[in-house]
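Encoded as structure tokens, the structure appears first; notes follow it.
Scope of the values below: all heavy atoms of this structure, side chains included, with no hydrogens, waters or symmetry mates.
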There are 2 protein chains.
Amino acid sequence: MRYVLMMELRQLKYFIAVAEELHFGRAAERCNIAQPPLSQQIKKLEEELGVKLLERTSRKVSLTPEGSEFLERALDIFGRLDEAVVCIQDMAEGLKGHLRVGFIGPASLSNLPRAIRAFREANPDIRLDFSAKSTTEQLPMLRGDRLDIAFVRLFGHDTTGLKSMTFLREPYVLAIPDGHHFGGRDRLDITDLEGEPLIFNQRIAQPALYRSLIGSFHKAGFMPNIVQEVNTEQSTIALVATGLGSALVPASSAVDKRSGVVFKPLDGDLPQWEITALWKAKKESVLLKNFLSTVTQFRDVTGSTPVWELLGTDSGSL
Amino acid sequence: MRYVLMMELRQLKYFIAVAEELHFGRAAERCNIAQPPLSQQIKKLEEELGVKLLERTSRKVSLTPEGSEFLERALDIFGRLDEAVVCIQDMAEGLKGHLRVGFIGPASLSNLPRAIRAFREANPDIRLDFSAKSTTEQLPMLRGDRLDIAFVRLFGHDTTGLKSMTFLREPYVLAIPDGHHFGGRDRLDITDLEGEPLIFNQRIAQPALYRSLIGSFHKAGFMPNIVQEVNTEQSTIALVATGLGSALVPASSAVDKRSGVVFKPLDGDLPQWEITALWKAKKESVLLKNFLSTVTQFRDVTGSTPVWELLGTDSGSL
DNA sequence: GCCCATCCATAGTTTTGGGGCATCAAAAAT
DNA sequence: ATTTTTGATGCCCCAAAACTATGGATGGGC
């Protein structure tokens, strides 16, 4: 912005008109003004630039080499300006822009990948950034505007200033090692777990959820036999496969087809396993609304997904 | 120019100021206006775009995603506008642009390549286009603005509307085949050429010059024995080397070190051999003036360059 | 060769709109 | 609750853009 002082787009438009028509009268008509002001504005422009852009005799108008160069660049500039305007208007309509999505690992076994694929196909110009993070990592990111939407295990977390939508609600099932003595059973009840060696998530990761699970066992009349705590949900099933013990896992985990693990439906008074979408109420952009509208079509909050329905389905990929 | 209707650069500048300061008061100060008109202009801009660019509470201002995108693009646009202005100003000062130079073949044996090299080194941003063409081809190109300057053999051509400068003036010398009976002589006189088989340029290429040469022979009291006419000056020396005959050539041709040809100074009433720079008086741009000023430093119009001074010099290349 | 048509520049006048001043309203800080 | 900060609003004025009328130069036509 060193040299551009008083110049205005109007003057550039007028210049383009004259340069293209090579005739002040016709150019003025094209600009919807009379000829004299056009001449004056062109003169002003030339004076400010200190460069003669047009060679005019009383008979014909022609471009100087400088004028020719300037015309080319002026057209380029208007093109870019138009692009900029169209771009931000598209953004405002939610057709362009980018969305930062956070999700917990187990969400990749849910309908979320399919929802994202559908959204991506419907909105190819939206850039999507993903970060697989724990709930406790995602919440500060969401609040600090480093994330636009988070898919988390909300249980017991503070949601002031945030809006939420339950994306997935399903029962816990029991993952048991191959050859376990429960192998012949079709269903289990929570009371069957008395004394059974269990692998749990770390209590500090989700204290409220942890307490709720312990409460369920307490109601069933016994305390769980926790032989191991793990810090990521992904590693739970791997540990079950080693034969260390059994684990309560979301029903959708059954799509994990690694050999050595079998899943059994579980009756009894247990909390539901949930994935919740969270976003800042203040940052509910058109784009985010569109995204949520697609995501809603893929949510499953019946709370009763049987394991066998999930087996053999394709979860897609992010 | 579909979407850009009323928008003005002023508004863009104001927006940039607010977007960078994130404070209407300070931005207004930076724009040298009061705060209320700034608010109004930003409002106008947003209304025309149909997009909210700034989020303002009465406490702080922040960019919307659209505003952020628009800021980036607006800065780019101003950068380009500045570039455009600087570019055409440089062009007007003769620092940028391009120059189309025409020259006759023998000019490449003169100082012209050195002059062009010097100009190119002093003005690296000037694009130079060359065309090696005959005088009769160059003149219409010059008049038709397809050439900015022409280096030609002017002799007898019409120069109305053109300006000219003699670039090279030198004597004719005689090119003789190796082993010729003039071999032992230091100098020759035109009278020595009586009966000598001679190679001439085609008379239709330069009728006036042709007549002038014939006139010189006439004054010496005899008519030349023309055994061959050639259409390009370059091929003359090659023909001499075949032993077909001798030829009158410009002294600078002696830098052509092909074996089989010897050059001898020639006394007598002969026209001078000249290369003249020609350009349109109406198209005398700053750039052309600069070019001419460099070229002038390399001109040689003494009319007396001895052959031996030219021998061994490097003519450079275009 | 004179006249007329064309076309850009200039002069004077009108109108639009950008900018200034005073003030209001909202929100944070004390 | 009061003060301070900061952006928005209303009103007025003037600068600048646009209009009308006219001038002057150039090229074509009779």
Side-chain angles (χ1 to χ4, degrees), chain A residues 1 4-49 51-64 66-67 71 160-161 281-282, chain B residues 1 4-64 66-67 70-71 74 143 160-161 281-282:
Chain A
M1 274 191 262
V4 183
L5 294 169
M6 314 277 297
M7 198 194 305
E8 285 299 343
L9 285 183
R10 188 168 12 83
Q11 296 172 311
L12 287 182
K13 271 188 246 178
Y14 291 173
F15 167 68
I16 290 172
V18 178
E20 287 184 344
E21 300 285 347
L22 292 177
H23 189 292
F24 278 74
R26 281 194 296 277
E29 201 176 345
R30 201 169 107 178
C31 297
N32 298 311
I33 59 168
Q35 169 264 318
L38 204 171
S39 294
Q40 286 181 338
Q41 291 298 327
I42 297 287
K43 192 180 165 191
K44 257 195 180 177
L45 179 63
E46 287 180 325
E47 274 169 6
E48 194 192 324
L49 291 173
V51 178
K52 201 171 183 182
L53 299 171
L54 295 159
E55 200 66 60
R56 41 284 215 196
T57 69
S58 64
R59 209 63 198 167
K60 73 164 185 257
V61 178
S62 62
L63 281 165
T64 62
E66 292 81 13
L71 171 64
T160 47
K282 292 276 176 75
Chain B
M1 272 192 265
V4 182
L5 294 170
M6 315 277 300
M7 199 193 303
E8 285 299 342
L9 285 182
R10 188 168 11 84
Q11 296 172 312
L12 287 182
K13 271 188 247 180
Y14 292 171
F15 168 68
I16 289 172
V18 178
E20 287 183 345
E21 300 285 345
L22 292 177
H23 189 290
F24 277 75
R26 279 194 298 276
E29 202 175 345
R30 201 170 108 178
C31 296
N32 297 310
I33 58 169
Q35 170 264 318
L38 205 170
S39 293
Q40 285 179 340
Q41 291 298 327
I42 298 287
K43 192 181 166 191
K44 259 194 179 175
L45 180 63
E46 288 180 325
E47 275 169 4
E48 194 192 324
L49 292 173
V51 178
K52 203 171 184 184
L53 300 170
L54 295 158
E55 201 65 61
R56 42 285 216 194
T57 68
S58 65
R59 206 61 195 168
K60 73 163 184 261
V61 178
S62 62
L63 281 166
T64 62
E66 291 82 13
F70 198 60
L71 170 64
R143 289 217 145 81
T160 47
K282 293 275 176 73

Of all the heavy-atom pairs spanning B:Thr160 and B:Arg143, show the shortest one and how long it is.
O-NH2, 2.5 Å
Is any side-chain heavy atom of [X] less than 4.5 Å from a side-chain heavy atom of [Y]?
| X | Y | result |
| --- | --- | --- |
| B:Ile42 | B:Arg56 | yes |
| B:Leu45 | B:Tyr14 | no |
| A:Leu54 | A:Thr64 | no |

If you round to the nearest 0.5 Å, how far is CZ of B:Phe15 from CD of B:Glu46?
8.0 Å
[N] [atom2] sits how many Å from [X] [atom1], rounded?
| X | N | atom1 | atom2 | answer |
| --- | --- | --- | --- | --- |
| B:Leu12 | C:dG18 | CG | P | 14 Å |
| A:His23 | C:dT6 | NE2 | P | 10 Å |
| B:Arg10 | C:dT16 | CZ | C1' | 12 Å |
| B:Leu54 | D:dT6 | CG | P | 16 Å |
| A:Lys52 | C:dA9 | NZ | C1' | 13 Å |
| A:Glu8 | D:dA15 | CD | P | 18 Å |
| B:Met6 | C:dT16 | CE | P | 12 Å |
| A:Gln11 | D:dA18 | CD | P | 9 Å |

Taking only Lys NZ, Arg NE, NH1 and NH2, and the carboxylate oxygens of Asp or Glu, determine whether B:Arg10 and A:Glu8 approach each other closer than 4.0 Å.
yes
What's B:Lys60 touching, base or sugar-phosphate or nothing? Going by heavy atoms closer than 4.0 Å.
nothing
Residue whose closest nucleotide on DNA chain D lies nearer the 5' end, B:Arg56 versus A:Ile33
B:Arg56
Look at A:Lys43 and C:dC8 and indicate whether a side-chain polar atom (N or O) is within less than 4.0 Å of OP1 or OP2.
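Checking C:dC8 against A:Lys43, no side-chain N or O comes under 4.0 Å of OP1 or OP2.
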Report yes if at least one side-chain N or O of B:Ser39 is closer than 4.0 Å to OP1 or OP2 of D:dG7; otherwise report no.
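So the side-chain polar atoms of B:Ser39 never come under 4.0 Å of the phosphate oxygens OP1 or OP2 of D:dG7.
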Which nucleotide wins on minimum distance to the side chain of A:Ala34, given the candidates D:dA8, D:dC19, D:dA18?
D:dC19
If you check the A:Lys44 side chain, which of C:dG19, D:dA16, C:dG17 turns out closest?
D:dA16
For a quick check, with a 4.0 angstrom heavy-atom cut-off, what is the B/S/- contact string for nucleotides 23-30 of chain C, read 5' to 3'?
---BSS--
I want to confirm an ordering. Mapping A:Gln40 and A:Val61 to their closest nucleotides on DNA chain C, which one lands closer to the 5' end?
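Nearer the 5' end of the strand: A:Val61.
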N/O donor to acceptor pairs below 3.5 angstrom from side-chain atoms of residues 21-28 of chain B, sequence neighbours left out:
from    : atom 1 : to      : atom 2 : distance (Å)
B:Glu21 : OE2    : B:Arg30 : NH1    : 3.1
B:His23 : ND1    : B:Gly25 : N      : 3.0
B:His23 : ND1    : B:Arg26 : N      : 3.1

